[in-house]
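Down below is the structure, laid out as structure tokens.
The first residue of the sequence shown is numbered 1, and numbering continues consecutively from there. First listed ligand is number 1; within each ligand, the first listed atom is number 1.
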Amino acid sequence: MISIKSEREIRIIRENARLLAEILEELTEQAAPGLSTAQLDRLAERMIRRAGGVPAFKGYRGYPKTLCASLNDEVVHGIPRDDRILQEGDLLSLDLGLYRRGFYADGATTVLIGPGSPRAARLLEVAQEALERGIAAACAGNHVSDISFAICSYVESQGYSVVRRYAGHGIGRQLHEDPEIPNFGLPGRGPRLRPGMVLCLEPMVKEDEGEVELLADGWTAVTPRGGLAAHFEEMVLVTAEGPEILTRGGARSRRAASFASAAR
Ligand code: MF3
Ligand code: CO
């Protein structure tokens with residue numbers, strides 16, 4: 001069952017998503033050579049609590065930390081560690097969730113630490129554009145898999161592959177709600193999108209073919225042959241006027257919305 005959020009619920013979700021986006025942005029500004037991923041995790045938890053929220057991932061299915069910090073060939077769910085020190089050229093993905101006033105917010109971004117390689121920069125561009133295309137497909141009346149197809153067809157056209165093991169999802173009173181939103185598939189399948197649905201779109205893009213593997217810690221997903229991976233996640237509200245990106249502040253949100261209407 002896909003929940004349709006009321007105006008009151010949307011107001012809270014919007015607030016939470018904006019707080020999450022601000023915290024993620026602050027984390028990316030702090031991320032620099034010499035800092036450990038555990039330091040970033042502690043910073044994330046402090047900022048979430050200062051905003052009146054609690055970490056959404058800590059304790060979720062036994063996950064031990066606030067933040068997921070995944071470096072280079074790590075795709076998602078990297079566990080922050082004191083001995084994991086950021087270095088120039090690292091590709092760092094940060095995934096963060098918070099719970100506040102009865103609702104969840106969830107988002108992710110990937111950044112280069114210092115000047116990175118053109119190879120890493122190109123992967124980032126493709127993953128980011130894949131998310132934009134997914135968002136542009138999140139229009140009322142479309143099917144869930146129109147988002148999946150928009151993401152996958154673009155990623156593959158650029159010579160990369162999507163992760164199939166993890167998917168986007170609805171969000172609200174639960175961190176993971178219906179519908180599941182795979183990052184691959186044919187268009188025109190699955191439920192239709194309706195105004196008031198709140199979705200997390202989260203393409204995970206990698207250089208390698210083949211499925212991700214799990215490390216012995218039970219969480220960290222890595223590429224099968226050590227290729228780089230990137231992950232972006234935004235919360236999107238389906239409205240009658242097109243997708244509204246909740247995890248972006250003012251100007252960025254409007255720019256994306258006009259992109260979406262141009263693509264319709
Ligand atoms: N953003 C991820 C998701 O939507 C992270 C959740 S996994 C966790 O699935 F265990 F770290 F919480
Ligand atoms: Co998510």
Side-chain angles (χ1 to χ4, degrees), residues 2-3 5 13 16-21 23-25 27-28 37-38 40-42 44-45 48 53-71 74-81 84 92-100 103-111 127-128 130-131 134-135 138 144 147-148 151 162-184 197-206 211-222 229-238 243 245-248:
I2 307 178
S3 65
K5 273 72 178 180
I13 294 172
N16 288 355
R18 188 170 316 125
L19 287 168
L20 183 90
I23 294 170
L24 261 182
E25 189 165 331
L27 290 173
T28 63
T37 54
L40 281 176
D41 178 74
R42 288 191 286 271
E45 178 160 0
I48 287 174
V54 295
F57 297 170
K58 207 178 222 181
Y60 180 85
R61 297 186 181 192
Y63 187 75
K65 297 285 186 183
T66 293
L67 181 70
C68 298
S70 312
L71 282 167
E74 298 171 352
V75 185
V76 287
H77 305 163
I79 303 174
R81 290 185 351 214
R84 209 63 206 280
L92 171 68
S93 121
L94 296 175
D95 189 352
L96 189 64
L98 66 78
Y99 179 77
R100 180 180 163 275
F103 292 88
Y104 284 91
D106 179 14
T109 188
T110 304
V111 290
Q128 219 153 6
L131 177 54
I135 292 168
V144 166
I147 298 171
S148 314
I151 290 171
V162 296
V163 171
R164 292 172 177 244
R165 177 173 180 148
Y166 305 103
H169 51 94
I171 189 168
R173 293 187 183 277
Q174 305 295 325
L175 175 59
H176 295 135
E177 295 187 355
D178 287 341
E180 182 178 75
I181 310 169
N183 292 304
F184 65 95
M197 292 180 179
V198 179
L199 310 173
C200 286
L201 306 193
E202 47 179 318
M204 290 148 262
V205 178
K206 55 190 171 52
E211 203 35 79
V212 297
E213 288 165 12
L214 266 198
L215 294 187
D217 64 17
W219 281 103
T220 314
V222 297
H231 175 210
F232 290 91
E233 177 176 17
E234 306 270 15
M235 289 171 64
V236 178
L237 169 68
V238 179
I245 304 171
L246 303 180
T247 32
R248 280 182 198 168

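- Scored by the side-chain hydrogen bond (donor to acceptor under 3.5 Å, both in side chains) test, R81 finds D83 as partners (sequence neighbours excluded).
- Ordered by chain and residue number, the residues placing a heavy atom less than 4.0 Å from ligand 1 are F57, Y60, Y63, C68, H77, D95, D106, H169, H176, E202, W219, E233.
- Of all heavy-atom pairs spanning E180 and V144, the tightest one is O-CG1, 3.7 Å.
- We find the OH-OH distance between Y99 and Y60 to be 14.0 Å, quoted to the nearest 0.5 Å.
- Every residue meeting the side-chain hydrogen bond (donor to acceptor under 3.5 Å, both in side chains) condition with R173, not counting sequence neighbours, appears here in chain and number order: E9.
- Contact detail for P182 and S148: the closest heavy-atom pair is O-OG, 2.7 Å.
- Aromatic rings of H231 and Y166 (six-membered ring for Trp) have centroids beyond the 6.0 Å cut-off, not under it.
- The two residues A167 and N183 make their nearest non-hydrogen contact at CA-ND2, 4.3 Å.
- Shortest non-hydrogen contact noted between Y63 and G78 is OH-O, 3.1 Å.
- Residues W219 and G62 come closest through the heavy atom pair CZ2-C, 4.1 Å.
- Each protein N, O or S atom less than 2.8 Å from the Co ion (ligand 2) was counted, giving 4.
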